[in-house]
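See below for the structure under consideration.
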Protein chains: 2
Amino acid sequence: MMAITGWQAARDEALRRIRARDWPPGSRIPDEADLAAEWGVARATVNRALRDLADAGYLDRRRKGGTRVPVTPVRMATFAISIIRHDIEARGQVPGYRLLSDRIAPVPEALHAQLGAGAMRHVVALHTADGAPYCLEDRWLAPRIAEGIRFDTLSANEWLVGNVSFAEGTLAFHAIAADDALVRALACAPGAALLALDRETRDLAPITWVRLVYAPGYRMETGL
Amino acid sequence: MMAITGWQAARDEALRRIRARDWPPGSRIPDEADLAAEWGVARATVNRALRDLADAGYLDRRRKGGTRVPVTPVRMATFAISIIRHDIEARGQVPGYRLLSDRIAPVPEALHAQLGAGAMRHVVALHTADGAPYCLEDRWLAPRIAEGIRFDTLSANEWLVGNVSFAEGTLAFHAIAADDALVRALACAPGAALLALDRETRDLAPITWVRLVYAPGYRMETGL
DNA sequence: GAGTGGTCTAGACCACACG
DNA sequence: GTGTGGTCTAGACCACTCG
């Protein structure tokens, strides 16, 4: 009888057994009632612990089928998406911001699938860290959103997070080569490889589409 | 009195109020006991619902301080990290694999911080989708791991996921320009911008460091 | 000190999936 | 049908933190 107290201790013990191959990949582990008895806790506590591990990809749980250690676990990497200024501050650098362009323009054909055809507000701005280019924000915004709001000093990124957040959307990382506009904005070499993050936000109708292009060498990091 | 049944319904109702600004950003929401009474459920049910929203970044919860709607919510984007072959299959393409190199070699200086100095097993392999290059796997592996295992037909990626997974590590996305080796392996233009994923896995000692470089145009996507 | 979320418990019923 | 996880309940105590 192990001395387990609390769902986190139960989770840790279960994870230990998984890592130690006490519960080998592909095997079925004891059911909740058995573990509850063995560890001297309530079944709800075991449930919380195993559910937590299942959420992290360490276990596969199925009604009637029991709980199994997956043969090929699917781990989830998570990235916090927030306000660019906060990211810069978190790195211990001084954030800066400069609006480069803000006008109504026809949506490029490449974005018709996301935004539809027609005209939208196009906002381009540069975020800096310690005065050096950090990230270029290239955004298309539905005109009904942020009507009358100026992005001279407050970035669209920050205004939207505070006012239109809580909406659905998609997100993608990819790499792009620096074109003329990026060379000017980020002060990098032509053709430089840059990390880009595309984010689409929609409610019922499209709200905004934004591409953040980071300065050369930028790494988007996380634990695992 | 709302008719709420189940923690998911409670979560949905809470999220609706957040999105509708019934609970505006920065405001404090009723405490668990009040919501439990209002919704006709147990406090544990409200707790589960609000904890779920807090985990997703929609709420800020503090003992004694109560639960608040954050002014600048931090959303989490999650990417499933698994077996490359499965990613290809999930796209409806036929996966392929070719081992390019497998030998003991000195660890490059750039990786001393992650792996230490000395010699390690260096494995380079190409993953293909419908015959076209999909991703180059460039891996350094501690010699004690996978001793005697050949990666001719089974990729190191797949062997490791099944045998050394469940370990800690870090992960980073960045962009790199195609050098000669990448041009040959991925059949892309010199200097092409490519998405790269660096992953370090360690137990107590380093286990493996791998860089996956994807073919041009690749996008790592997720919902939000 | 006291209010609020965090958690545990014991019991119960339900939903799903496997045989 | 039956076993297993999923969830709910009511009550309780604890831990943190704000005033």
Pick out the pairs of N or O atoms, protein on one side and nucleotides 2-4 of chain C on the other, that lie under 3.5 Å.
residue	atom	partner	partner atom	Å
dG3(C)	O4'	Lys64(B)	NZ	3.4
dG3(C)	N2	Lys64(B)	N	3.4
dT4(C)	OP1	Arg28(B)	NH2	3.1
dT4(C)	OP2	Asp31(B)	OD2	3.4
dT4(C)	O2	Lys64(B)	N	3.3

Listed pairs, N/O of protein and of nucleotides 8-12 of chain D, under 3.5 Å:
residue	atom	partner	partner atom	Å
dC8(D)	OP1	Trp7(B)	N	2.3
dT9(D)	OP2	Ala42(B)	N	2.7
dT9(D)	OP2	Thr45(B)	OG1	2.7
dA12(D)	N6	Arg43(B)	NH2	2.9

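At whole-Å resolution of the value, CG in Asp60(B) and P in dG5(C) are 12 Å apart. In this entry the distance linking CZ of Arg68(B) with P of dT17(D) reads 15 Å, nearest Å. Atom CG of Asp52(A) and atom C1' of dG6(C) are 14 Å apart (whole Å).
Rounded to the nearest 0.5 angstrom, Arg219(A) CZ and Leu197(B) CG are separated by 9.5 Å.
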Output a table of donor-acceptor pairs, distance under 3.5 Å, between side-chain atoms of residues 62-72 of chain B and any protein atom two or more places apart or on a different chain; print 'none' if there are none.
residue	atom	partner	partner atom	Å
Thr67(B)	OG1	Arg61(B)	NE	3.2
Thr67(B)	OG1	Arg61(B)	NH2	3.4
Arg68(B)	NH1	Gly26(B)	O	3.0

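Sequence neighbours left out, not one pair with a member in residues 6-31 of chain A passes ring pair (Phe, Tyr, Trp, His ring centres under 6.0 Å). For residues 68-89 of chain A, the pairs satisfying ring pair (Phe, Tyr, Trp, His ring centres under 6.0 Å) are Phe79(A)-Phe173(A), Phe79(A)-Phe79(B), Phe79(A)-Phe173(B), with sequence neighbours left out. Screening residues 122-139 of chain B for salt bridge (charged side-chain N to carboxylate O under 4.0 Å, His left out), with sequence neighbours left out, gives Glu137(B)-Arg139(B).
The backbone N or O of Trp140(B) lies less than 3.5 Å from a partner atom in the side chain of Thr208(B), making a donor-acceptor pair.
Of the side-chain N and O atoms in Arg61(A), none sit less than 4.0 angstrom from OP1 or OP2 of dT4(D). For Asn47(A) and dG5(D), the shortest distance from a side-chain N or O to OP1 or OP2 is not below 4.0 Å.
The residue from Tyr134(B), Tyr214(B), Tyr97(B) that alone fulfils the ring-ring contact (aromatic ring centres under 6.0 Å, His included) condition with His127(B) is Tyr97(B).
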Candidate pair Arg19(B) and Glu168(A), rule salt bridge (charged side-chain N to carboxylate O under 4.0 Å, His left out), full reasoning: CA-CA 11 Å; Arg19(B) 289 199 160 127; Glu168(A) 302 288 333; 3.3 Å; yes

